[in-house]
**Q** 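Take a look at this one; I'll ask things after.
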Amino acid sequence: MKPAPFAYAKARSLEHAFELLEQGNGEARVLAGGQSLIASLNLRLSNPELLVDINGVPDLDGIALEGVCVAFGALVRQSAAERSPIVAEHAPLIASALSHVAHPAIRNRGTIGGSIALADPAAELPACLVALGGEIEIAGSKGRRRVLAEEFFKGLYETDLEPGELIVAIRVPAATTASRYGFAELARRKGDYALAGLCAAARASRDGLADVRLVFFGVGLKPVRARKAEARIEGGPLDEARVTNAIAALAEDLDPPEDVQASKAARRHLAGVLLQRVVKQLSESAP
Ligand SMILES: Cc1cc2nc3c(=O)[nH]c(=O)nc-3n(C[C@H](O)[C@H](O)[C@H](O)COP(=O)(O)OP(=O)(O)OC[C@H]3O[C@@H](n4cnc5c(N)ncnc54)[C@H](O)[C@@H]3O)c2cc1C
């Protein structure tokens with residue numbers, strides 16, 4: 001299929017992008033890597049009147065260590081982040097997740113900001129951001145604001161972005177010597193969206209793990225924190241009884257959807273398998 005006709009404009013600056021989006025009267029869409037948007041146009045799942053291409057907007061494509069944070073410009077390609085020594089050293093959870101995002105050809109064009117803005121419930125990066133306590137910097141004609149990832153994702157492909165606003169940057173706390181991370185997902189084939197996945201972050205303390213954040217993807221309408229399981233992992237030796245207890249708590253934390261890919265029961269089972277794998281990583285990993 002071919003897309004319905006649309007107009008195209010290339011923004012020269014952020015201000016120019018805001019102007020163009022305003023001219024679109026709610027019928028304009030931002031074009032970043034195009035890896036999801038163009039497919040949805042071709043399938044006629046969406047038919048915007050205007051595409052505002054932000055690929056020429058300066059200063060949106062850097063990765064930098066900013067004090068205690070790692071900052072990603074919205075236009076950073078997923079493959080650039082995957083190869084970045086800054087990401088490998090200071091944001092290792094994101095480095096682990098990126099190799100599971102689609103295929104290399106898609107990651108060469110797909111952007112960090114595009115993945116966050118799309119808010120696919122089975123995507124890796126939104127869940128990583130929630131697990132890390134990251135934040136999203138949003139800009140619009142009225143100014144800039146920052147939103148915690150946990151508050152940014154509202155529902156199925158639904159975010160806190162208002163019409164005319166753009167994601168300009170994403171920030172996550174940089175790893176410290178006490179940081180512990182875990183990542184695992186199960187997909188039918190490498191590169192497919194996950195049937196279920198889990199991103200985890202924690203802090204090693206004298207009494208075991210503290211500040212545990214277990215964030216599942218592919219099992220709800222948005223990234224899902226498993227708070228009951230988190231509480232059972234924290235503050236003690238990660239022995240078999242503790243892990244079994246945490247897996248049992250997932251029954252209360254998760255209410256996975258049923259679809260052609262997997263039943264609710266299968267997803268629940270997969271979530272338990274993932275938790276077991278990730279707890280092992282949390283107890284072994286060091287930044
Ligand atoms: C076959 C296939 C498999 C895939 N598998 C996976 C996978 O396993 N995991 C995964 O996470 N992703 C997967 N993807 C999606 C891929 O990662 C996309 O690149 C990504 O989701 C969107 O990034 P993009 O830069 O291409 O955004 P685009 O396609 O350009 O845009 C996507 C949406 O975000 C909006 N948008 C983009 N940038 C901004 C911004 N800066 N501010 C505000 N709105 C913005 C657009 O308007 C649009 O609505 C897959 C895609 C394909 C085609």
Side-chain angles (χ1 to χ4, degrees), residues 3 6 8-11 14 17-18 20-21 24 26-43 45-61 72-82 94 96-130 136-140 144-145 147 152-153 156-170 183 185-197 199 215 217-218 222-223 261:
F6 58 84
Y8 167 91
K10 187 156 187 174
L14 268 183
F18 302 145
L20 291 167
L21 288 170
E27 297 299 326
R29 294 283 288 280
V30 172
L31 174 67
Q35 298 303 293
S36 300
L37 181 57
I38 298 300
S40 83
L41 297 191
N42 287 342
L43 292 168
L45 295 172
S46 61
N47 54 348
E49 285 175 12
L50 170 66
L51 291 193
V52 177
D53 184 345
I54 58 168
N55 285 278
V57 174
D59 304 327
L60 294 184
D61 62 355
F72 299 79
L75 281 178
V76 167
R77 305 291 161 188
Q78 294 154 2
S79 58
E82 193 181 357
I94 292 188
S96 311
L98 277 166
S99 66
H100 296 266
V101 174
H103 308 283
I106 292 168
R107 299 199 291 273
N108 280 341
R109 287 299 299 165
T111 63
I112 300 283
S115 177
I116 301 301
L118 183 67
D120 190 304
E124 291 80 0
L125 293 180
C128 283
L129 234 59
V130 175
I136 292 128
E137 184 172 348
I138 296 169
R144 292 193 177 218
R145 63 194 178 99
V147 182
F152 179 79
F153 300 105
L156 189 63
Y157 300 106
E158 198 191 331
T159 70
D160 195 49
L161 278 171
E162 298 285 346
E165 286 187 323
L166 285 173
I167 294 178
V168 288
I170 285 113
F183 180 90
E185 73 169 49
L186 292 155
R188 285 191 189 276
R189 295 171 307 184
K190 175 115 179 80
D192 281 2
Y193 274 108
L195 293 174
C199 302
V215 183
F217 53 98
K222 59 180 188 170
Q261 303 283 347

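For ligands, and for the atoms within them, numbers begin at 1 and follow the listed sequence. This structure is a prediction, so every number in the text was calculated from the model and none was measured.
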**Q** Search all heavy atoms of Gly164 against all heavy atoms of Phe18 and return the closest pair with its distance.
**A** O-CD2, 3.7 Å
**Q** Identify the two heavy atoms, one from Ser99 and one from Ser96, that lie closest to each other, and give their separation to 0.1 Å.
**A**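 Reported closest heavy-atom pair: OG-O, 3.5 Å.
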**Q** Examine distances only and state if a side-chain atom of Asp120 and a backbone atom of Tyr157 form a donor-acceptor pair shorter than 3.5 Å.
**A**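 Such a contact is absent between Asp120 side chain and Tyr157 backbone.
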**Q** Show which atoms of ligand 1 fall inside a sub-4.0 Å distance from at least one heavy-atom site of Gln78.
**A**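 Near Gln78, the atoms of ligand 1 are 17 (O), 19 (O), 20 (C).
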**Q** Consider every N or O of Ala32 and every N or O of ligand 1, then say whether any pair is closer than 3.5 Å.
**A**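 Checking ligand 1 against Ala32, an N or O pair does fall under 3.5 Å apart.
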**Q** Short list, please: which atoms of ligand 1 are under 4.0 Å from a heavy atom of Arg29?
**A**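 Ligand 1 atoms under the 4.0 Å threshold to Arg29: 47 (O), 48 (C), 49 (O).
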**Q** On a heavy-atom basis, I'd like to know which of Ala105, Ala139, Ala102 is closest to atom 4 (C) of ligand 1.
**A** Ala102
**Q** Counting heavy atoms only, which of Tyr193, Phe217, Tyr157 is nearest atom 10 (C) of ligand 1?
**A**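 The residue whose heavy atom sits nearest atom 10 (C) of ligand 1 is Tyr193.
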**Q** What do we get for Thr111 next to ligand 1 when only non-hydrogen atoms under 4.0 Å count, side chain, backbone, both or neither?
**A**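 Both of them.
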**Q** Out of Gly114, Gly34, Ala117, who gets a non-hydrogen atom closest to atom 30 (O) of ligand 1?
**A**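 Comparing heavy atoms across Gly114, Gly34, Ala117, the nearest one to atom 30 (O) of ligand 1 lies in Gly34.
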**Q** For ligand 1, is there an N or O atom under 3.5 Å from any N or O atom of Ile106?
**A** no
**Q** Hey, is ligand 1 close enough to Glu165 that some N/O pair sits below 3.5 Å?
**A**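 No, since none of the N or O atoms of Glu165 sits under 3.5 Å from an N or O of ligand 1.
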**Q** What atoms of ligand 1 come closer than 4.0 angstrom to any heavy atom of Leu118?
**A** 21 (O), 34 (O)
**Q** Heavy-atom contact check, 4.0 Å cutoff: does Leu60 meet ligand 1?
**A**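 In this structure, Leu60 fails to qualify as a contact of ligand 1 - no heavy atom is under 4.0 Å.
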**Q** Of the side chain and backbone of His100, name the one, both, or neither that has a heavy atom under 4.0 Å from an atom of ligand 1.
**A** backbone
**Q** Quick check: do Leu125 and Leu98 have side-chain heavy atoms less than 4.5 Å from each other?
**A** yes
**Q** One residue to check: Leu75. Relative to ligand 1, which of side chain, backbone, both or neither has a non-hydrogen atom less than 4.0 Å away?
**A** neither
**Q** I need the atoms of ligand 1 closer than 4.0 Å to a non-hydrogen atom of Gly191, numbered in the order shown.
**A**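 So the atoms of ligand 1 that pass are 5 (N), 8 (O).
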**Q** Using a 4.0 Å heavy-atom threshold (strictly under), name the region of Leu161 that reaches ligand 1: side chain, backbone, both or neither.
**A** side chain
**Q** I'd like the name of whichever of Ser36, Ser40, Gly110 reaches closest to atom 20 (C) of ligand 1 through any heavy atom.
**A** Ser36
**Q** Can you confirm whether Asp192 is buried at CG, in the sense that more than 12 heavy atoms of other residues, nucleotides or ligands lie under 6.0 Å from that atom?
**A** yes
